[in-house]
Amino acid sequence: MQLITGFHGDTYYESFVGKNPSKEAVVFLHGYPADQGNKNRDLAEAVSTQLGKDAFLLHYPGLGLSKGKFTFSETLRTTREFLSWVKAKNYQSLHIVGHSWGGFLALNLLNEIGHTGKIVLLSPFVNLPEGSDLSTLVNLVYSDTKQYLGHSTIIEVVSELTKMRIGNSIDDFIVRIDKAPNQVTIIQALNDPETPEKYSRYLISKATKKISYTELDTDHSFTQNRTTALALIINTLRVPND
């Protein structure tokens, strides 16, 4: 396995590829701002090493080693472009592992990975609130991560996320999952105030499609029981599609 780094436009990425050509690829989408760890680089490397699949990890604009300024809507645009670039490599299957905000992005891109692709969501951000609840959330996030959002005002961030919520409520995600042919796996952290388990539980209770669901005694970053989370990802991606 070798590490290849580069830029797709202004977006920095890392890819882990084996000596032999891979028929499948896995794109890892990290959360926001993911500045306390390695953006799940260790998980991407392990998946590539153990399964022999090419693994890609991108940094959203304005975060990590990517250029530009961060906005939530820009993460969706650049991730969609990056996914199209990976798809152009003609893999037989393309999978997504999305953590937190990366889970929100993964559900937006569910219909773009092909019917054989699998979606693995780690404590996904599936409930984007509205109204005063959204304003409260943005005020908190803005205060905690102003170094990434300071180029925008709080009002601008609220407006941006209000627009992004259209078609992306938790009930919209339930409908999208039910209609898609893809296998969906959710691994939910239990000690997780950022993306509480009640939202994942609501999602699977309302979905008519079978969703593989596991809860782990860990925090939002999956610091504890990380090897268990990795094993669940590995087992999900190892099993061929029906």
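All values reported here derive from a predicted model rather than from experimental measurement. Numbers for residues simply follow the sequence, beginning at 1.
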State, to 0.1 Å, how close [X] and [Y] come at their nearest heavy-atom pair, and which atoms those are.
X: Leu110; Y: Ala180; result: CD2-CB, 3.6 Å
X: Pro61; Y: Ser66; result: CA-CB, 3.9 Å
X: Asn225; Y: Asp217; result: ND2-O, 3.0 Å
X: Tyr142; Y: Ser152; result: OH-O, 2.6 Å
X: Ser123; Y: Ala189; result: OG-N, 2.9 Å
X: Thr236; Y: Lys118; result: O-NZ, 2.7 Å

Side chain [X], main chain [Y], donor-acceptor under 3.5 Å:
X: Arg176; Y: Leu107; answer: yes
X: Glu160; Y: Ser73; answer: yes
X: Arg165; Y: Leu161; answer: no
X: Ser159; Y: Ile155; answer: no
X: Arg238; Y: Ile233; answer: no
X: Thr116; Y: Gln92; answer: yes
X: Ser100; Y: Pro124; answer: no
X: Gln188; Y: Thr195; answer: yes
X: Ser143; Y: Asn139; answer: no
X: Asp219; Y: Thr223; answer: yes

Any [X] side-chain heavy atom under 4.5 Å of [Y] side chain:
X: His8; Y: Leu58; value: no
X: Val184; Y: Lys210; value: no
X: Glu112; Y: Ile96; value: no
X: Leu149; Y: Val138; value: no
X: Lys67; Y: Phe7; value: yes
X: Leu122; Y: Val97; value: yes
X: Leu216; Y: Leu190; value: no

Is Leu140 atom CG crowded by more than 12 heavy atoms from other residues, nucleotides or ligands, each under 6.0 Å away?
-> yes
So does Lys209 have more than 12 non-hydrogen atoms from other groups sitting under 6.0 Å from NZ?
-> yes
Can a donor-acceptor pair be found between the side chains of [X] and [Y] at a distance below 3.5 Å?
X: Thr136; Y: Asp133; value: no
X: Tyr32; Y: Thr75; value: no
X: Asn108; Y: Arg80; value: no
X: Asn127; Y: Tyr202; value: no
X: Glu24; Y: His95; value: yes

Hey, any chance [X] and [Y] share a hydrophobic cluster, counting ILVMFWY side chains that come within less than 4.5 Å of each other, even indirectly?
X: Leu51; Y: Val27; result: no
X: Leu76; Y: Phe28; result: no
X: Phe173; Y: Ile186; result: yes
X: Leu43; Y: Val86; result: no
X: Leu109; Y: Ile170; result: yes

Nearest 0.5 Å, what's the [atom1]-[atom2] distance between [X] and [Y]?
X: Trp85; Y: Thr78; atom1: CH2; atom2: OG1; result: 13.5 Å
X: Gln2; Y: Ser15; atom1: CD; atom2: OG; result: 8.0 Å
X: Glu45; Y: Leu3; atom1: CD; atom2: CG; result: 7.5 Å
X: Leu230; Y: Asp42; atom1: CG; atom2: CG; result: 7.5 Å
X: Thr5; Y: Phe16; atom1: OG1; atom2: CZ; result: 10.0 Å
X: His220; Y: Phe125; atom1: NE2; atom2: CZ; result: 9.5 Å

Step by step, would you call Leu237 with Val47 a side-chain contact (heavy atoms from CB on, under 4.5 Å)?
-> CA-CA 9 Å; Leu237 297 177; Val47 164; 4.0 Å; yes
Can the ring centroids of [X] and [Y] be said to lie less than 6.0 angstrom from one another?
X: Phe104; Y: Phe72; value: no
X: Tyr12; Y: His59; value: yes
X: His99; Y: Phe222; value: yes
X: His30; Y: Tyr60; value: yes

Salt bridge (charged side-chain N to carboxylate O under 4.0 Å, His left out) between Glu215 and Arg201, worked out = CA-CA 10 Å; Glu215 293 181 345; Arg201 290 175 180 175; 2.7 Å; yes
Please report the C-alpha distance between Val120 and Ile187 in whole Å, then the side-chain angles of each, then the deciding distance to 0.1 Å, and finally whether the side-chain contact (heavy atoms from CB on, under 4.5 Å) criterion is met.
-> CA-CA 8 Å; Val120 181; Ile187 306 170; 4.2 Å; yes
Which of Asp178, Ile177, Thr185 passes side-chain contact (heavy atoms from CB on, under 4.5 Å) with Ile211? Answer is Ile177
Should the pair Glu14-Lys39 be classified as a salt bridge under the 4.0 Å nitrogen-to-oxygen rule?
-> no
Salt bridge flag under 4.0 Å for residues Asp54 and Lys89 = no
Going through the distances and angles, do Ile119 and Ile113 end up as a side-chain contact (heavy atoms from CB on, under 4.5 Å)?
-> CA-CA 9 Å; Ile119 295 286; Ile113 67 171; 3.7 Å; yes
Tyr13 and Phe82: CA distance, side-chain angles, deciding distance, ring pair (Phe, Tyr, Trp, His ring centres under 6.0 Å) verdict | CA-CA 9 Å; Tyr13 72 90; Phe82 186 81; 5.6 Å; yes
Residues Leu83, Leu94; criterion side-chain contact (heavy atoms from CB on, under 4.5 Å); working and verdict | CA-CA 9 Å; Leu83 198 63; Leu94 177 60; 3.6 Å; yes
